[in-house]
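Here the structure comes first, spelled out in structure tokens, and everything after it is commentary.
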Amino acid sequence: MSKEFHSAELILKLYDLRREDKMRDARAWFIGFFPDSVEDVIKTMIDPATSASFRMVTSYWDMAASFVNRGAIDEAMFMDSAGEIWVVFCKVQPYIAELRERIGSPNMMKHMEELLMRQPNALETLAVRRETMKRWMQARAEMANAGDSTDQ
């Protein structure tokens, strides 16, 4: 079996894990999560209502990135199919150094960071993703509000 075939199998298994109901719920929550400070991230991590979702999504993508970083999955193939990793990391990246220091976890999300920072224009890509996600969520909120006003 070729390395490419093995990588494709692992990528498909990772995709299947993302489809599990609890993971889908956690991912849906994470899409709307927009911290404005390291304090926002810490509050999210300790709040019983959000902690599990935050940990599930960030640890999933950090685990997946570790497989790539260790050579178990071909990096180019993974990056072709794993755009969500950018969305996840873009939300915490501005605060990651301070977050690691404040909670005493120097390796938190290190695999994601290592993988993404190797990609061309990584910081620019993260910034663009962050702004794009904010616009999408604002548009979604506006659509929901418009729907609320037509229901009355």
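Positions are given from 1, in the same order as the sequence printed here.
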Fill in: Main-chain N/O of M45 paired to R55 side chain as donor or acceptor, under 3.5 Å
no
Worksheet item: What distance separates F30 CZ from M23 CE, expressed to the nearest 0.5 Å?
Response: 10.0 Å
Worksheet item: Going only through I, L, V, M, F, W and Y residues with side-chain contacts under 4.5 Å, is there a path from M77 to L116?
Response: yes
Worksheet item: Do R27 and M56 have side-chain heavy atoms sitting under 4.5 Å apart?
Response: no
Worksheet item: Can you tell if the side chain of F54 reaches within under 4.5 Å of the side chain of V41, non-hydrogen atoms only?
Response: yes
Worksheet entry | Spatial distance of atom CH2 (W86) from atom CZ (R130) [nearest 0.5 Å] | 11.0 Å
Discussion item. Regarding N69 and R118, do their side chains bring together a donor and an acceptor under 3.5 Å, going by distance alone?
Written reply: yes
Worksheet item: Under 3.5 Å, side chain of S51 to main-chain N/O of D47, donor-acceptor pair present?
Response: no
Worksheet entry | Smallest separation among heavy atoms of S66 and M63, with atom names | OG-O, 2.6 Å
Practice prompt. Determine yes or no for a side-chain-to-main-chain donor-acceptor pair under 3.5 angstrom, with S7 supplying the side chain and D74 the backbone.
Written response: yes
Item to complete: Establish, yes or no, whether the cationic atom of K91 lies under 6.0 Å from the six-membered ring centre of F33 and within 45° of the ring axis.
Response: no
Discussion item. With a sphere of 6.0 Å drawn around CZ of F34, does it hold more than 12 non-hydrogen atoms of other residues, nucleotides or ligands?
Written reply: yes
Discussion item. Measuring only between side-chain heavy atoms, which start at C-beta, is K110 closer than 4.5 Å to N107?
Written reply: yes
Practice prompt. Using modelled atom types only, decide if a donor and an acceptor are shared between the side chain of D62 and the backbone of T58 within a distance under 3.5 Å.
Written response: no
Discussion item. Using only atom types and a distance under 3.5 Å, with no angle test, would you say the side chain of E131 pairs donor to acceptor with the backbone of A127?
Written reply: no
Fill in: Under 3.5 Å donor-acceptor, R129 side chain and G83 backbone
yes
Worksheet item: Any chance the side chains of Q93 and E113 put a donor and an acceptor closer than 3.5 Å?
Response: no
Worksheet item: Is there a donor-acceptor pair closer than 3.5 Å between any side-chain N or O of R100 and the backbone N or O of S105?
Response: no
